[in-house]
Amino acid sequence: MKPHLKPLVKQLLSSREVGRFHAVPADTLHAPSRPYPNGWFCLAFTDEVRPGSVTTRPLAGAEVVLYRTTKGVLRAVRPQCPHLGAHLGVGGSVEGEDIVCPFHRFAFDPAGACVRTGYDKPPPKASLTQYPVCEANGSVYVWWHALGLPPQWEVPVFPMDDRQPYSHDTFDIAGHPQDVIENAFDWGHLPALHGLKGLDIEGAPVAGEPVSTVTATARGTMMRGMRQSYTLTVIGLATIAARTALPRGAGNLYVMLHATPTSPGRIQLRFGTKLELTGIPRVPERIGRAATLPAARLLSSVLQRVASVDTGADLLMWHYQEHVEQPKLAKGDGPIGRYRQWAKQFYSEPTDGLVPPRPSRIEVNSPED
């Protein structure tokens with residue numbers, strides 16, 4: 001053994017990692033069987049897609065290129081250039097209002113049409129394949145449907161301060177969006193896993209409605225030692241948005257949890273925290289207003305780290321969880337059965353197993369709109 005390897009081997013053996021059995025992620029032992037759900041899925045927080053940027057994100061077994069023009073127009077497109085198939089997310093660039101392919105410098109306007117080539121010749125009649133995209137609550141959503149249907153509903157918009165971004169993290173884990181969103185209706189895990197006390201919670205999904213609301217009051221939330229009231233808004237099988245009103249009208253704390261399917265049995269979990277303050281206690285109003293935004297940004301990053309501890313416990317569960325189709329529910333679990341019935345509305349008959357079809361050409365608003 002090489003001398004420099006001895007300390008590493010000793011460290012490994014002393015940690016007992018060799019003799020300890022480790023569970024494997026859920027998608028390793030159990031082949032994923034559930035298809036991707038339909039709906040709006042978050043592919044980024046707003047501050048991740050800046051004017052002039054090009055970003056590639058996975059979605060339902062494929063990839064989506066997100067970009068924002070110089071004037072701020074947001075678009076989501078299929079990565080392949082219709083000319084010779086170059087990947088727009090690998091070396092592609094935004095020039096003014098157009099996205100430009102790196103291979104032959106074919107440029108496409110916000111409507112997806114090819115407007116020029118790199119040869120100073122008339123462009124061909126070619127267009128990018130576009131996904132419906134929207135921006136709401138500091139998050140960028142892309143619509144996906146197994147049958148290629150256009151959006152069937154809209155993402156609700158909350159009254160937030162758009163000047164302040166979320167402090168956020170993204171995790172790649174085994175799991176399925178339905179199991180993540182089930183957390184909003186799995187009330188039994190709140191005291192058992194998170195230690196919430198004095199829990200008073202109510203709300204259930206309404207058949208046919210894509211958005212549901214749960215209201216709760218409890219001790220043991222991020223505001224330790226205080227009894228807090230919060231509202232959960234469940235958006236499809238994609239998002240749990242939590243809002244907690246701060247005491248004495250000091251503002252609101254928003255926590256966003258996005259579950260995005262990336263491949264069979266895998267998801268990207270986006271988690272963000274944002275504190276919005278209306279003022280700072282015991283500080284003169286004029287000075288308080290000026291200091292509110294920077295103070296809120298600083299506290300948001302701190303609260304994101306605090307909240308990550310609780311969310312990390314859920315991540316651990318989801319990463320190793322095997323979906324039980326017919327669970328043996330007990331009193332105190334919450335309306336899990338009703339939730340699962342509600343969740344069925346977000347599925348279509350798969351067209352080709354778990355492989356999503358190529359998105360159909362979808363008209364989008366002009367840049368002026």
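For the salt bridge (Lys or Arg N to Asp or Glu O under 4.0 Å) test, no residue two or more places apart in sequence or in another chain qualifies with Arg305. By the side-chain contact (heavy atoms from CB on, under 4.5 Å) test, Ala184 pairs with Leu232, Val234, Ile240, sequence neighbours left out. Residues passing the side-chain contact (heavy atoms from CB on, under 4.5 Å) test with Gln152 are Trp143, Leu149, Pro150, sequence neighbours excluded. Remark: Asp98 engages Arg116 in a salt bridge (Lys or Arg N to Asp or Glu O under 4.0 Å) (not counting sequence neighbours). Taking the salt bridge (Lys or Arg N to Asp or Glu O under 4.0 Å) definition, one finds that Arg338 meets it with nothing, sequence neighbours left out.
In the hydrophobic clustering, Ile336 connects to Leu329, either directly or through intervening members, whenever side-chain heavy atoms lie under 4.5 Å apart.
Counting non-hydrogen atoms of neighbouring residues, nucleotides and ligands closer than 6.0 angstrom, the CD atom of Glu154 reaches no more than 12 such neighbours.
Of the charged side-chain nitrogens involved, at least one lies within less than 4.0 Å of a carboxylate oxygen, so that Glu182 and Arg340 count as a salt-bridged pair.
His83 and Tyr119 make their closest contact through CE1-OH, 3.8 Å (heavy atoms, listed as atom of the first residue, atom of the second, distance). Taking both residues in full, the closest heavy atoms of Thr231 and Thr213 are given as CG2-CG2, 3.6 Å, listed atom of the first, atom of the second, then distance. The nearest pair of heavy atoms linking Pro205 to Phe185 is CD-CE2, 3.4 Å. Thr69 and Glu97 make their closest contact through OG1-OE1, 2.7 Å (heavy atoms, listed as atom of the first residue, atom of the second, distance). Here the closest non-hydrogen pair linking Trp187 and Leu199 is O-CD2, 4.0 Å. Here the shortest heavy-atom pairing between Cys42 and Ala44 reads SG-O, 3.2 Å.
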Just list the side-chain donor-acceptor pairs under 3.5 Å for residues 250-258, sequence neighbours left out, or say none.
{"unit_1": "Asn252", "atom_1": "OD1", "unit_2": "Arg243", "atom_2": "NH1", "d": "2.9"}
{"unit_1": "His258", "atom_1": "ND1", "unit_2": "Thr239", "atom_2": "OG1", "d": "2.8"}
{"unit_1": "His258", "atom_1": "NE2", "unit_2": "Ser139", "atom_2": "OG", "d": "3.0"}

Enumerate donor-acceptor pairs with a distance under 3.5 Å from any side-chain N or O in residues 315-322 to protein atoms, sequence neighbours excluded.
{"unit_1": "His319", "atom_1": "ND1", "unit_2": "Ala174", "atom_2": "N", "d": "2.9"}
{"unit_1": "Glu322", "atom_1": "OE1", "unit_2": "His30", "atom_2": "NE2", "d": "3.4"}

Intermediate values then yes/no, side-chain hydrogen bond (donor to acceptor under 3.5 Å, both in side chains), Asp314 and His194: CA-CA 9 Å; Asp314 289 308; His194 298 294; 3.0 Å; yes

Pair Val142-Leu59, side-chain contact (heavy atoms from CB on, under 4.5 Å): steps then yes or no: CA-CA 9 Å; Val142 170; Leu59 175 63; 3.9 Å; yes

For Glu202 and Val214, what are the C-alpha separation, side-chain angles and deciding distance, and is it a side-chain contact (heavy atoms from CB on, under 4.5 Å)? CA-CA 6 Å; Glu202 62 180 15; Val214 172; over 6 Å; no

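Sequence neighbours left out, not one pair with a member in residues 57-78 passes ring-ring contact (aromatic ring centres under 6.0 Å, His included). Contacts classified as salt bridge (charged side-chain N to carboxylate O under 4.0 Å, His left out) and involving residues 117-145 (residues at least two apart or in different chains) are given here: Arg68-Glu135. Under the side-chain hydrogen bond (donor to acceptor under 3.5 Å, both in side chains) criterion, the residue pairs touching residues 163-181 are Arg34-Asp179, Asp47-His168, Asp161-Arg163, Gln164-Ser300, Asp169-Gln304, Asp172-Arg266, Gln178-Tyr347, Asp179-His323, with sequence neighbours excluded. Under the salt bridge (charged side-chain N to carboxylate O under 4.0 Å, His left out) criterion, no residue pair touches residues 136-151, with sequence neighbours excluded.
Proximity of Thr260 to Arg270: side-chain heavy atoms (C-beta onward) are separated by under 4.5 Å at one or more points. Within the 4.5 Å cutoff, no side-chain heavy atoms of Thr311 are placed close to those of Phe171.
Aromatic ring centres of Trp144 and Tyr36 lie closer together than 6.0 Å.
Using modelled atom types, one side-chain atom of Trp342 and one backbone atom of Glu209 make a donor-acceptor pair closer than 3.5 Å.
Between the CZ atom in Arg105 and the OG1 atom in Thr117 there is a gap of 10.5 Å [rounded to 0.5 Å].
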